[in-house]
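One structure below.
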Amino acid sequence: MRMSLADRVTAVVFFALGTAMLVGGYTMDRLEIRQIHPLSIPGLVPMLLGGALAFCALILFFQKNAEGGPDVMIAFGSVSRLALTVALTFAYALILVGWLPFYLATAIFITAFTFVFSWSNEATPRARILMMVKSVVFGGVAAYAVVSLFEKAFLVRLP
């Protein structure tokens, strides 16, 4: 199967999922009856995520294959990266979040994820150290942004 066909099939599935999230979020019950601000509707986040997913699906659907030729649908590298992503995500959700404060667990997860997927065997030692420092900084900044978003914008108390 050509990668462009796989991309288009994936895009259609993601577009359908995004549209369903958008419609489902819009049709959720409102909380105005309890004198709650209209923008605090429970379906707001699913609507935003569904719209973003549908938009990204459209971009994926209409993008051109850069090489123009057939690609391997599932290469060993992509399977190993998928397995590594699943392992890191499970470690975060099942181990880190329960044992550490949310901010620290999120910073460690984002740092590890960035570090692992930015690693290059061909890089110089100086470039590797710089990449490690960037991963730590990015993990800290992103964790702060995530925690701030949930606590300040969504008013969610985090563990």
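The closest side-chain heavy-atom distance from Trp119 to Met132 is below 4.5 Å. Annotation: side chain of Thr111 is not in contact with side chain of Phe138 (no heavy-atom distance under 4.5 Å). Inter-residue side-chain proximity for Leu158 and Val156 is flagged as met; some heavy-atom pair is nearer than 4.5 Å. Using a 4.5 Å heavy-atom threshold, the side chains of Leu104 and Ile108 count as touching. Looking at Phe117 and Thr85, their side chains come closer than 4.5 Å, going by heavy atoms from C-beta outward.
Under a cut-off of 6.0 angstrom, the local environment of CZ in Phe14 is sparse, with at most 12 non-hydrogen atoms contributed by other residues, nucleotides or ligands.
Taking CZ of Phe61 as the start and CG of Asp7 as the end, the distance is 10.5 Å to the nearest 0.5 Å. Separating the NZ atom in Lys134 from the OG1 atom in Thr114 is a distance of 12.0 Å, to the nearest 0.5 Å. Annotation: the span from Arg126 atom CZ to Met131 atom CE amounts to 13.5 Å, rounded to 0.5 Å.
When all heavy atoms of Gly18 and Leu53 are compared, the pair lying nearest together is N-CD2, 3.8 Å. When all heavy atoms of Pro46 and Gly25 are compared, the closest pair comes out as CB-CA, 4.4 Å. Here the closest non-hydrogen pair linking Gly51 and Leu22 is N-CD1, 4.1 Å. Here the closest heavy-atom approach between residue Glu122 and residue Arg128 is recorded as N-NH2, 4.3 Å.
Follow the hydrophobic side-chain contacts under 4.5 Å out from Phe102 and you never reach Val136; the two are in separate clusters. Cluster membership for Val23 and Leu48, using ILVMFWY side-chain heavy atoms within less than 4.5 angstrom, is not shared. The cluster map of Ile, Leu, Val, Met, Phe, Trp and Tyr, joined by side-chain heavy atoms under 4.5 Å apart, puts Met47 and Phe55 in different clusters. Residues Val116 and Val137 do not share a hydrophobic cluster, defined by chaining ILVMFWY side chains whose heavy atoms lie under 4.5 Å apart. Note on Leu60 and Phe15: separate hydrophobic clusters, where clusters join Ile, Leu, Val, Met, Phe, Trp and Tyr whose side-chain heavy atoms are under 4.5 Å apart, directly or indirectly.
In this model, a donor atom of one side chain and an acceptor atom of the other lie less than 3.5 Å apart for Thr106 and Tyr92.
Between the side chain of Ser118 and the main chain of Phe115, no donor-acceptor pair closer than 3.5 Å is present.
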